[in-house]
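Letters A, B, ... mirror the listed sequences (proteins, then strands); counts begin at 1.
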Amino acid sequence: MKLIKYAITGILFGIVMTKSEAISWFRIQEMFRFQSFHMYGIIITAIVIGVITTQLIKRFKIRDIGGNPIIFNPKDMSIWRYLAGGTIFGLGWAMTGACPGPMFVNFGYGYSMMILIIIGALLGTLLYGILRTKLPH
Amino acid sequence: MDFLINPWPWYTSGAVIGLVMILLLFFGKSFGFSANLRTMCSIAGAGSKVSFFNFDWKKQTWNLVFLVGAILGGWIANTFMNDGNPVQIAASTINDLAALGIAAPESMQPTEIFSWEFASSIKGILFLIFGGLLVGFGARYAGGCTSGHAISGVSDLQIPSMIAVVGFFIGGLIMTHLLLPLIF
């Protein structure tokens, strides 16, 4: 039953991604063509709320529901892996109009052919795992 | 109830996405959807051959439950909260996409790409699988996707996440403006 809260949060995520139309290939194209504020407005609003909350949590050392400190793990500093990985990700995002969350939300929406994109994403993850030690990070 | 059925404006949408991130923080977790792809590879047994997948994936069970919720959420939103109108995108985008042979929206997604007619052609299978492969590979190489970097990481003002978001846009712009016209 401890897990049910994650299911409910996931449902909320699936609903907001659908109702915001952020799962739509059309909206992602519109974003990468700079022809509407919609996607930027969504991302900026989420970030503004996120920045304020993160700062409040750190400033007041707010704890989670289990009473443990909320920890933010800083990512290792590098330029190459984030720039190269991010660029490869962006190529796929603009192609399929789907980042990892929306792939699954779209599948639930009824776009069963999303399974091909999901299979591709799993293969891509597998390929990264295999090549990881040979890639510059 | 119209506000639930109609598409949500950007400020409501952004606020609810922010809320999802905050809820997960208060549950002691961090929002990062693409980690599930790694977990799925581990469950499928990739850990015996590739060390990257040899980790205690059971600690990610919560995230898999979140993923199942996301699938359900998509179904609920379409079944009970759909006003039936197509996505209202900018006229300029409709014009640009027409040049690629993609018709104006009639629903959530273009049928030229998201139909089994396309998905069962050689071109369609390669397009969808390769597109997904780029997303999956890029997300792990960059150490996160839109949720982990653009939302969680940037909210924590992390430089690596900001670099990753710059990368997302470099790739997205190259695909949108240079490569998609060659593909379609």
For this session: With sequence neighbours left out, write down each residue that passes salt bridge (charged side-chain N to carboxylate O under 4.0 Å, His left out) with B:Lys58, or none if nothing qualifies.
Result: none
Chain A contact via [X] - side chain, backbone, both or neither, heavy atoms under 4.5 Å:
X        : answer
B:Leu126 : neither
B:Leu97  : side chain
B:Asn82  : both
B:Met21  : side chain
B:Leu25  : both
B:Val135 : both
B:Lys49  : neither
B:Ile163 : both

Problem set entry | Choice from A:Val105, A:Thr96, A:Leu83, A:Thr9 maximising heavy atom contacts with chain B below 4.5 Å | A:Thr9
Please tabulate, for side-chain N and O atoms in residues 173-184 of chain B, each donor-acceptor pair with protein atoms closer than 3.5 Å (sequence neighbours left out).
{"residue": "B:Thr176", "atom": "OG1", "partner": "B:Gly172", "partner atom": "O", "Å": "2.8"}
{"residue": "B:His177", "atom": "NE2", "partner": "A:Phe32", "partner atom": "O", "Å": "2.8"}

For this session: Report yes or no: is the cationic atom of B:Arg140 (NZ for Lys, CZ for Arg) under 6.0 Å from the centre of the six-membered ring of B:Phe52, at an angle within 45° of the ring normal?
Result: no
